[in-house]
Amino acid sequence: MVKERPKCKTGIEGLDNILNGGIPRGNTVLLSGACGSGKTTLGMEYLVNGAKMGEISVLISVTEPSSKVVANLRGFEFFDEALIKNEKLYLLDMISLYARLGIEKKDYRIEDIDPLINIMEDIVKKLKVKRLVIDSVTAICHQLETKVRIREFVFNLGKTLSDAGCTSLLVSEVNPTGAWGLMPGVTYSAYGVEEAIADGIILLGAIERKGYMLRTLHVVKMRGTMHSLAKHILDLTPQGVVLIPLLKWGAESG
Amino acid sequence: MDDIDKKVSQKIKETKKYEVNLILSDINNYFRIIKGMMNYLVTERGMGGVYVSATRPSKAMISRLGAEKINMDDVFFVDSVSYMAEGPPASVDNVIFIESPTMLEMMMVKTDTLLRKAKSPDKFVFFDSINSLAIYNNENILSEFIHVLVNSLGGKDVYSFILSVKGETPKNIETLLKMVCDNVVEIGGE
Ligand SMILES: Nc1ncnc2c1ncn2[C@@H]1O[C@H](COP(=O)(O)OP(=O)(O)OP(=O)(O)O)[C@@H](O)[C@H]1O
Ligand SMILES: [Mg+2]
């Protein structure tokens, strides 16, 4: 028998089965998809489920203030605000991060990126973070400008997180080609370098069936475990993310 | 209780949980057969469950069955017709709307969701009807769906019924249904 690495259960119906038990601990996983594909919801459910299991779970929200994140979370049954009070779940935004850095200005410059990575590392270590979601890593990469710096950033971040035993989802915004889908040869990340460094890629997309859109999920790669490559339908419900195998004859539009 | 009601309850009273029953209905008695089924399951047996409406909007079924003095409080609807017919419906307790009858996977997953809501100790799933799905889905995907649906229903601690109107379902589909369902119950027109 091949021994698989210890797993971090996402607690999301269906996803743990697709991943043969969960995400291998310490992996840095790209959660890629176009806008509205369900990245934030899936990421939050992963964190909330972890927090409920007693693991320190942290969101670093780059694109939205955390007050907005909480407001959206209240619309989901899986959310429990007590997790925040009990310091199992932390929702941090750029304002709170920069406050830690002693920076007050709203728009930050490239020079501020290095201390930002440091502070993320600092948080992961100090709080003994087991689960981290950065929403989105694309927004940080925008600030880095060059591929070399992005590669360096993602690589260093991945290493720090993995050394700390933290299992991370890096939300990656990709441009839709057609309907949320990716054309063959198109990358899973905005800069094309994030995906090569990541240990895993979970791709959220969509298919069109007779004029109606269905959200989809499939695991493109996941180092350290066997996993299904099948495309699943992703249903965003008030109870959270639900995954259903896609009917094979319904995989293509028409 | 009219004749059809009696006939229906007689024909389905032997059905068991974990079995999938194909109800072949006569087109002229379509509503009366449904009424007979609900009368037996809900009124006589006190069951709750999930009604998958792919033929008539849930609103129409709820009001017509309600008018027949069938208590629909513990019956939950997966409705794949209203959206297509009338556009985005206002949210209704006990009903989950599906945008299109081509979203076959959604019908299954929403059935599971709603089964968890039904409170009665004995539960049913009633699928009304396969022939309507044949209008919007080709035979390949519909056949695949029937396989998955029957396997899914057959694994549940519920009474399952799939309605198909005789003469309205493509031949291959009807043959497949007869093959994969545990029992075939013909009502009306004999
Ligand atoms: N309470 C809810 N119940 C069900 N579905 C919801 C709920 N709230 C939002 N949604 C759906 O989720 C979608 C947004 O999902 P989400 O924010 O996770 O996507 P995203 O990929 O993070 O998008 P973006 O790139 O814009 O950040 C909405 O467009 C809506 O369809
Ligand atoms: Mg988002």
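No experiment lies behind these values; they were computed from the predicted model shown. Order of the sequence lines sets the chain letters (A, B, ...), proteins ahead of strands, with each chain counted from 1.
- The environment of A:K9 atom NZ is sparse: at most 12 non-hydrogen atoms of other residues, nucleotides or ligands sit within 6.0 angstrom.
- Note that the OH atom of A:Y212 and the CE atom of B:M84 stand 6.5 Å from one another [nearest 0.5 Å].
- A donor-acceptor pair is defined here as one N or O able to donate and one able to accept, closer than 3.5 Å; no such pair exists between the side chain of A:K210 and the backbone of B:T102.
- Other residues, nucleotides and ligands contribute at most 12 non-hydrogen atoms within 6.0 Å of the CZ atom of B:R64.
- A salt bridge is absent between B:E99 and A:R209: the closest approach of a Lys/Arg side-chain nitrogen to an acidic carboxylate oxygen does not fall below 4.0 angstrom.
- Side-chain contact between B:M103 and A:I233: absent, with no pair of heavy atoms (C-beta onward) separated by less than 4.5 Å.
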Practice problem: Quick one: do A:T237 and B:K110 satisfy side chain to side chain contact (heavy atoms under 4.5 Å, CB included)? Show the steps, please. | Solution: CA-CA 10 Å; A:T237 74; B:K110 298 305 184 192; 3.5 Å; yes
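- In plain terms, the two heavy atoms of A:L247 and B:F145 that are nearest each other are CD1-CB, 4.0 Å.
- Note that CH2 of A:W249 and CG of B:N140 are 3.5 Å apart. Values are rounded to the nearest 0.5 Å.
- Distance check: B:E105 CD to A:L246 CG gives 5.0 Å after rounding to the nearest 0.5 Å.
- In this structure, B:K17 places its NZ atom where more than 12 heavy-atom neighbours from other residues, nucleotides or ligands lie under 6.0 Å away.
- A distance of 11.5 Å separates CD1 in A:I244 from OG in B:S152, rounded to the nearest 0.5 Å.
- Using a distance-only test at 3.5 Å, with no hydrogens or angles considered, a donor-acceptor pair links the side chain of B:E144 to the main chain of A:K248.
- The environment of NZ in A:K221 is crowded: more than 12 heavy-atom neighbours from other residues, nucleotides or ligands sit within 6.0 Å.
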